[in-house]
Protein chains: 2
Amino acid sequence: MRRFKIPEVTVGRLSLYLRCLNELEEEGIEVVSSAELGRRCGVNPAQIRKDLAYFGEFGTRGVGYYVKELMQDIKRVMGLNRTWEVALVGVGNLGTALLRYKGFQRHGFKLSVAFDIHTEGKEVPEGCVLYPASEMERVVKEKGIKMAIVAVHYSQAQEVAERLARAGVKGILNFAPMRIRPPKKVVVKNVDMGTELEILAFYLTMRGAK
Amino acid sequence: MRRFKIPEVTVGRLSLYLRCLNELEEEGIEVVSSAELGRRCGVNPAQIRKDLAYFGEFGTRGVGYYVKELMQDIKRVMGLNRTWEVALVGVGNLGTALLRYKGFQRHGFKLSVAFDIHTEGKEVPEGCVLYPASEMERVVKEKGIKMAIVAVHYSQAQEVAERLARAGVKGILNFAPMRIRPPKKVVVKNVDMGTELEILAFYLTMRGAK
DNA sequence: CCCGTTATGTGGTAACTTTCACAAAAGTAG
DNA sequence: CTACTTTTGTGAAAGTTACCACATAACGGG
Ligand SMILES: NC(=O)c1ccc[n+]([C@@H]2O[C@H](COP(=O)([O-])OP(=O)(O)OC[C@H]3O[C@@H](n4cnc5c(N)ncnc54)[C@H](O)[C@@H]3O)[C@@H](O)[C@H]2O)c1
Ligand SMILES: NC(=O)c1ccc[n+]([C@@H]2O[C@H](COP(=O)([O-])OP(=O)(O)OC[C@H]3O[C@@H](n4cnc5c(N)ncnc54)[C@H](O)[C@@H]3O)[C@@H](O)[C@H]2O)c1
């Protein structure tokens with residue numbers, strides 16, 4: 001139950017467990033063992049127990065974990081028992097797809113504001129407001145938004161990140177193909193789809209494909 | 001120079017080095033030390049040297065690495081000195097954004113065919129051909145395509161992956177929010193944006209944001 | 001209420017990754 | 001050709017993460 005340095009892989013797996021627990025719940029299963037959960041999500045059972053042990057004792061010996069309870073517990077420790085307002089910067093190809101995606105909403109992330117340097121002719125879904133990029137600091141600060149997604153051209157990503165940080169954002173998910181150097185007190189996660197394809201290319205080459 | 005088990009983090013960093021070397025080349029810099037490269041991409045210099053040492057000796061002692069040469073070497077070991085034809089399955093919000101994205105092309109990945117169960121009214125860019133999903137096995141096999149991107153609803157992802165595998169695909173990049181269990185002899189990379197946001201939420205909660 | 005069964009929580013260890021630190025090689029200047 | 005500087009390539013240490021194996025706890029049947 002020591003809340004100090006939790007490895008990111010562990011946090012990622014918690015998210016995975018949550019997905020799996022969701023399915024179990026939908027199937028009407030009320031109790032699950034680490035063995036069964038491990039089989040379903042491809043993780044060693046001991047790993048699951050160790051991951052959970054960072055945060056407390058959630059299971060019952062001889063029984064397993066109560067699905068609904070464990071879901072609540074994981075959501076609580078991950079900060080998912082609430083709605084997070086998220087700002088999107090860059091309403092281009094990718095930004096528009098993200099805005100239209102219903103999945104974030106379902107998991108408690110609400111893309112409530114979007115920013116772009118060009119707003120003319122751009123549409124955003126119900127429930128989201130589009131602003132010119134110049135309004136970013138003001139709107140983000142006023143709304144107290146703490147989380148943002150960056151989907152601008154890579155040459156703009158670092159600057160946008162720093163502006164967001166100044167406006168009070170504490171977490172950034174970056175899709176531009178360059179690692180944003182995290183501003184002070186900000187957590188940055190970079191998702192680089194190009195790199196993912198390149199990793200695939202590597203393993204295919206290694207295994208002698210084509 | 002032992003080509004056995006290369007850790008995936010190493011491969012990811014190779015891709016990062018490549019990005020960085022590109023910038024150096026654009027700046028007209030011809031030689032770079034591991035120290036300078038490390039500063040630029042936020043990686044320990046010894047780490048860089050170790051990563052490269054898996055594949056050979058690319059540097060010159062007392063000098064450093066010749067930028068152009070190292071780029072070629074990394075591209076060669078990663079299998080990026082060629083064009084990869086890629087099939088896209090699922091031409092929805094995300095699929096369309098991916099098709100329109102110019103960045104893949106620039107790095108040698110060509111999304112030359114796309115598949116969807118609904119093709120009516122769907123547009124794909126020049127250079128890409130859209131087929132009904134029922135044609136998947138035939139087209140992929142005929143074209144000898146080895147790499148695919150899956151952007152369908154999560155309930156379809158596993159089945160699509162298995163069909164792709166049967167058609168000869170050896171590498172799959174999956175965007176559906178469920179881990180695809182890799183079919184025999186297929187490498188699967190899962191990109192889960194929901195999980196990424198949840199990891200951010202965790203660290204923000206941990207640090208007491210909001 | 002006790003005993004057998006089951007599955008958790010965890011100490012210890014194995015496996016893996018990162019970093020240190022230095023010998024070896026290459027270049028340069030005298 | 002030698003002395004000196006620079007920076008690689010790498011063995012060994014340190015640090016991290018995953019897994020095994022078992023004592024411990026809960027449950028249920030007799
Ligand atoms: N489209 C994809 O599928 C895809 C895939 C992988 C990575 N990416 C990356 O995501 C980013 C966006 O890609 P895209 O295809 O949507 O590009 P895009 O050009 O369609 O969209 C970028 C948007 O950002 C806006 N913008 C630019 N600078 C801005 C600023 N300073 N402030 C606010 N808005 C700004 C532009 O007006 C534009 O609308 C790029 O970095 C790209 O490399 C995209
Ligand atoms: N849109 C996003 O920004 C986003 C973000 C994160 C994750 N995702 C994930 O990516 C996937 C696609 O998202 P989307 O928003 O594009 O959804 P979407 O519903 O807009 O698109 C899915 C497309 O796949 C097609 N399809 C369904 N089953 C198919 C099959 N068996 N074979 C071929 N085509 C099939 C559908 O006709 C549709 O066009 C989903 O799994 C989603 O969870 C999307």
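Just so you know, these numbers use all the heavy atoms, side chains as well, and skip hydrogens, waters and symmetry mates. Chain identifiers are assigned alphabetically (A, B, ...) following the order of the sequence lines, protein sequences preceding nucleic acid strands; residue numbering begins at 1 within each chain.
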- Query: Which heavy-atom pair separates A:Ser112 from A:Glu85 by the least distance, and what is that distance?
  - Reply: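 Nearest heavy atoms, A:Ser112 then A:Glu85: OG-OE2, 2.6 Å.
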- Item | Atom of B:Leu14, atom of B:Met78 and distance for their closest heavy-atom approach | CB-SD, 3.7 Å
In whole angstrom, what separates [X]'s [atom1] from [N]'s [atom2]?
X	N	atom1	atom2	value
B:Ile6	C:dT18	CD1	P	13 Å
A:Glu57	C:dA7	CD	C1'	13 Å
B:Leu37	D:dG9	CG	P	13 Å
B:Leu52	C:dT18	CG	C1'	15 Å
A:Phe58	D:dA25	CZ	P	19 Å
A:Glu69	C:dT8	CD	P	14 Å
A:Tyr66	C:dT8	OH	C1'	12 Å

Counting just side-chain N and O atoms, does [X] come under 4.0 Å of either OP1 or OP2 of [N]?
X	N	result
B:Arg49	D:dT8	yes
B:Ser34	D:dT8	yes
A:Tyr65	C:dG9	yes

- Task: Start with the C-alpha distance between A:Arg163 and A:Val140, add both sets of side-chain angles, then the distance that settles side chain to side chain contact (heavy atoms under 4.5 Å, CB included), and finish with yes or no.
- Result: CA-CA 10 Å; A:Arg163 288 176 61 192; A:Val140 168; over 6 Å; no
- Measure the CD1-CZ distance between A:Ile74 and A:Arg13 for me, rounded to the nearest 0.5 Å.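 A:Ile74 atom CD1 to A:Arg13 atom CZ measures 12.0 Å (nearest 0.5 Å).
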- A:Asn93 side chain to B:Tyr101 main-chain N or O, any donor-acceptor pair under 3.5 Å? no
- Task: Could you tell me whether the side chain of A:Arg207 and the main chain of B:Lys170 form a donor-acceptor pair under 3.5 Å?
- Result: no
- Start with the C-alpha gap between B:Tyr17 and B:Asp51, add the side-chain angles, then the distance that decides, and say whether side chain to side chain donor-acceptor pair (under 3.5 Å) holds. CA-CA 10 Å; B:Tyr17 304 154; B:Asp51 285 340; 2.6 Å; yes
- Task: Ignoring the backbone of B:Arg61, work out which of C:dT8, C:dA26, D:dC27 is nearest its side chain.
- Result: C:dA26
When you compare the protein's N or O atoms with those of nucleotides 16-19 of chain D, which come within less than 3.5 Å of each other, and at what distance?
residue, atom, partner, partner atom, Å
D:dT17, OP2, A:Lys5, NZ, 3.2
D:dA18, OP1, A:Arg13, NH1, 3.1
D:dA18, OP2, A:Arg13, NH2, 3.0
D:dA18, O5', A:Gln47, OE1, 3.4
D:dC19, N4, A:Lys50, NZ, 2.9

